[in-house]
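Chain letters run A, B, ... following the sequence lines, proteins first and then strands; every chain starts at 1.
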Protein chains: 2
Amino acid sequence: MVDEKKNATIYDVAAAVGVSLATVSRVVNGSDNVRPATRDKVLAAIKDLGYRPNAVARGLASKKTTTVGVVMPDMTNLFYSELTRGIDDVANMYQYDVLLTNTDDDPKRALTAVKNLADKQIDGLIFMGSQLSDEVLSAIQATGVPVVLAGSVDHGRVLPSVNIDYQKAFFEVSQHFLKKGQERLALVLGSKDRAIDVDYRRAGYEEALQTSGQILDESLIFTGARSYQDGQEMAAGVIAAKASAVVAYDDEVALGVLNGLQDRGVNVPEEVEIVSANNTTFTLVARPELSSIDQPKYDIGAVAMRMLTKLMDHENLSEKQVLLPYTMVKRNSTK
Amino acid sequence: MVDEKKNATIYDVAAAVGVSLATVSRVVNGSDNVRPATRDKVLAAIKDLGYRPNAVARGLASKKTTTVGVVMPDMTNLFYSELTRGIDDVANMYQYDVLLTNTDDDPKRALTAVKNLADKQIDGLIFMGSQLSDEVLSAIQATGVPVVLAGSVDHGRVLPSVNIDYQKAFFEVSQHFLKKGQERLALVLGSKDRAIDVDYRRAGYEEALQTSGQILDESLIFTGARSYQDGQEMAAGVIAAKASAVVAYDDEVALGVLNGLQDRGVNVPEEVEIVSANNTTFTLVARPELSSIDQPKYDIGAVAMRMLTKLMDHENLSEKQVLLPYTMVKRNSTK
DNA sequence: TTGAAAGCGCTAACAC
DNA sequence: GTGTTAGCGCTTTCAA
């Protein structure tokens with residue numbers, strides 16, 4: 001007999017069975033200190049009344065909301081949405097809900113987002129973005145909740161994070177080209193000053209240059225491209241710089257460069273080779289298909305979320321800065 | 001002097017100023033029944049103590065969480081992530097936070113998601129997905145909170161929704177081809193039984209067929225393609241069916257068909273013309289670029305969220321079933 | 001204009 | 001095992 005009054009409370013259940021709140025609370029929370037017979041009666045009443053615990057009240061009383069905040073640049077960017085997909089799946093697995101905020105990679109919006117999320121009493125936070133301003137960093141620390149960075153790094157490396165070894169990956173790709181005799185290797189980055197671009201990607205590129213005894217030519221470094229269109233326009237600059245190979249940090253941008261080059265009559269890979277870095281679907285739809293570094297995007301998010309659950313459970317992390325393996329996928333945009 | 005004890009409560013503020021909780025609550029909530037001098041003192045103390053209201057406590061007391069639930073199939077699908085971007089931006093504008101859940105378009109997961117969101121006492125819900133099972137529908141109604149469908153329809157059309165006129169759009173595209181003399185027009189859908197596919201897209205296609213006196217040929221209707229890969233494989237079927245034009249419901253799928261066709265030596269648009277329907281970046285990166293119906297994706301989300309805010313404020317909706325305008329974008333995948 | 005007091009629905013000692 | 005009793009931090013009558 002499903003009676004299902006709407007919004008039954010724990011009081012209703014207690015009254016129906018003739019026990020106290022505490023007992024109902026115990027069975028709801030799976031405490032073992034309840035006589036089986038009592039438990040069954042309570043369970044029956046719960047089902048009968050359609051009782052579902054009010055998470056808000058629970059959150060107030062227990063100081064746990066089973067909700068995590070996720071701060072990300074832009075969910076329409078495939079790289080970030082795949083990371084977030086990994087986060088979301090693991091969060092669900094551990095019974096957490098996700099409060100999502102887009103920041104467009106703007107530190108001001110990130111700051112508001114973090115504070116706002118803190119007001120909602122989140123149990124933990126995942127932060128993504130190509131930059132983490134000091135202000136945002138201290139706001140995060142002020143919340144007092146555990147945090148994990150996913151696909152992001154802070155200059156000081158004080159926060160736990162999950163990434164691939166960007167420096168090594170960019171070193172390898174660059175070196176690969178240099179060894180094959182490329183003398184005009186261009187590098188396309190999102191910014192000229194952010195940690196992930198400067199400390200890692202560019203550092204790897206420069207290291208390769210040094211290893212092979214080449215001189216850094218600033219005219220071969222392109223920054224500020226964020227979208228497919230940006231990449232397409234940048235192709236003109238790539239041609240002007242007489243680049244013979246391009247390493248790009250983002251798939252949409254790389255695809256823009258590829259199409260921009262071809263639309264201007266440049267053959268890929270014959271005249272210019274291109275390698276991208278995220279290996280999203282965009283690399284597959286390109287013609288020729290784009291060679292790419294393959295980051296385990298979903299896994300970066302999933303691992304980050306898993307680490308966060310440990311932190312929220314006050315467990316120790318065996319490693320604070322996790323680097324996941326990456327691979328190189330050879331397709332037809334390179335010889 | 002910013003003192004900033006951590007986690008000051010409303011009590012701390014009241015004590016610091018020497019007023020009651022009620023007064024602090026009034027100034028925090030912008031009630032006008034506070035003497036300016038008092039208000040200023042309270043404000044100063046709030047700033048001084050770094051006081052920020054605990055949203056959970058507030059939610060319990062006021063029965064409003066300023067949080068909306070968003071249920072979507074998959075955030076890595078550009079169509080849905082752009083809708084959600086519109087939702088998120090408007091939600092922020094109205095000071096709501098977004099609890100996001102991916103369902104993979106699975107009714108079972110949608111059901112759990114809705115119930116779970118209800119437990120968190122959301123103030124409203126936006127639902128996206130190509131299907132809305134009866135079970136999910138009644139779970140939604142059982143929550144008692146306002147709902148708006150975005151880019152989705154329910155068979156009964158009982159819920160408010162925001163869409164484009166899919167039937168008309170598919171009618172127009174189909175008729176365009178038929179008028180040009182195409183006799184083998186293929187239709188690619190996501191499913192063979194869901195409302196949005198059957199009642200709208202396919203209905204528009206069939207209507208066009210009738211208008212031009214053509215007989216429906218089931219072998220020209222393809223269903224079940226969800227991804228780029230699916231589309232690529234489907235290309236073989238398109239060739240086998242001797243289709244001379246294709247209308248596809250999704251960009252990634254359309255791009256898969258396009259590349260699958262070309263990889264098999266079929267020229268587009270000379271031998272087969274293709275039109276897609278979502279006009280995401282995927283249509284631009286294609287070679288040739290894909291002609292497409294252009295749905296105002298961001299706006300669909302934004303308008304849906306705006307409608308939801310009205311519903312949450314107990315305002316009336318002038319229109320329950322909103323149809324936003326669409327356009328046709330001609331590119332080089334059609335003659 | 002301000003304060004007192006009663007909840008909101010639940011958890012968590014602490015008794016029994 | 002089970003009940004009692006305080007809260008959690010805030011909003012909201014109702015009085016004053």
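- Listed pair B:N54 / D:dC8 fails the phosphate criterion, with no side-chain N or O lying under 4.0 Å from OP1 or OP2.
- Put simply, NZ on A:K120 is 14 Å from C1' on D:dC10, counting in whole angstrom units.
- Taking 4.0 angstrom as the limit, B:S20 places none of its side-chain polar atoms (N or O) nearer than this to OP1 or OP2 of C:dT2.
- A sub-4.0 Å separation between OP1 or OP2 of D:dG9 and a side-chain N or O of B:R58 is absent.
- Neither OP1 nor OP2 of C:dT1 sits under 4.0 Å from any side-chain N or O of B:R26.
- At a threshold of 4.0 Å, the pair A:D105-A:R226 counts as salt-bridged, since one of the basic side-chain nitrogens sits closer than that to a carboxylate oxygen.
- Using a 4.5 Å heavy-atom cutoff, the side chains of B:V70 and B:L99 are not in contact.
- The existence of a salt bridge linking B:R306 and B:D299 is excluded, since no basic side-chain nitrogen approaches an acidic carboxylate oxygen closer than 4.0 Å.
- The phosphate of D:dC10 (OP1 or OP2) has no side-chain N or O of B:S62 nearer than 4.0 angstrom.
- The CG-P distance, from B:L21 to D:dA15, rounds to 20 Å in whole Å.
- For the pair A:R52 and B:V19, nearest-nucleotide mapping onto DNA chain C gives the more 5' position to B:V19.
- Contact between the side-chain N/O atoms of A:Y51 and the OP1/OP2 oxygens of C:dC10 is found at a separation under 4.0 Å.
- The side chain of A:S25 contributes no N or O atom lying less than 4.0 Å from OP1 or OP2 of C:dC10.
- We find that CZ of A:R39 is positioned 13 Å from C1' of D:dT2, with the value rounded to whole Å.
- Looking at A:T67 and A:D97, their side chains never bring a donor and an acceptor atom within 3.5 Å of each other.
- Here B:N116 contributes atom CG and A:N92 contributes atom CG; the two are 7.5 Å apart, rounded to the nearest 0.5 Å.
- Comparing C:dC10, D:dT2, C:dG7 by their nearest atom to the side chain of A:R35 picks out D:dT2.
- What separates CG of A:L60 from P of D:dA6 is a distance of 19 Å, to the nearest Å.
- OP1 or OP2 of C:dT2 lies within a sub-4.0 Å distance of a side-chain N or O belonging to B:T38.
- For A:N33 and C:dA12, the CG to C1' distance is 13 Å, given to the nearest whole Å.
- Looking at heavy-atom distances under 4.0 Å, B:V28 makes no contact with the nucleic acid at all.
- For B:K63 and C:dG9, the shortest distance from a side-chain N or O to OP1 or OP2 is below 4.0 Å.
- Nearest-nucleotide positions on DNA chain D for B:Y11 and A:D32 put A:D32 closer to the 5' end.
- For the pair B:D119 CG and C:dC10 P, the interatomic distance rounds to 10 Å; values are reported in whole Å.
- For the pair B:N29 CG and D:dT11 P, the computed distance is 5 Å after rounding to whole Å.
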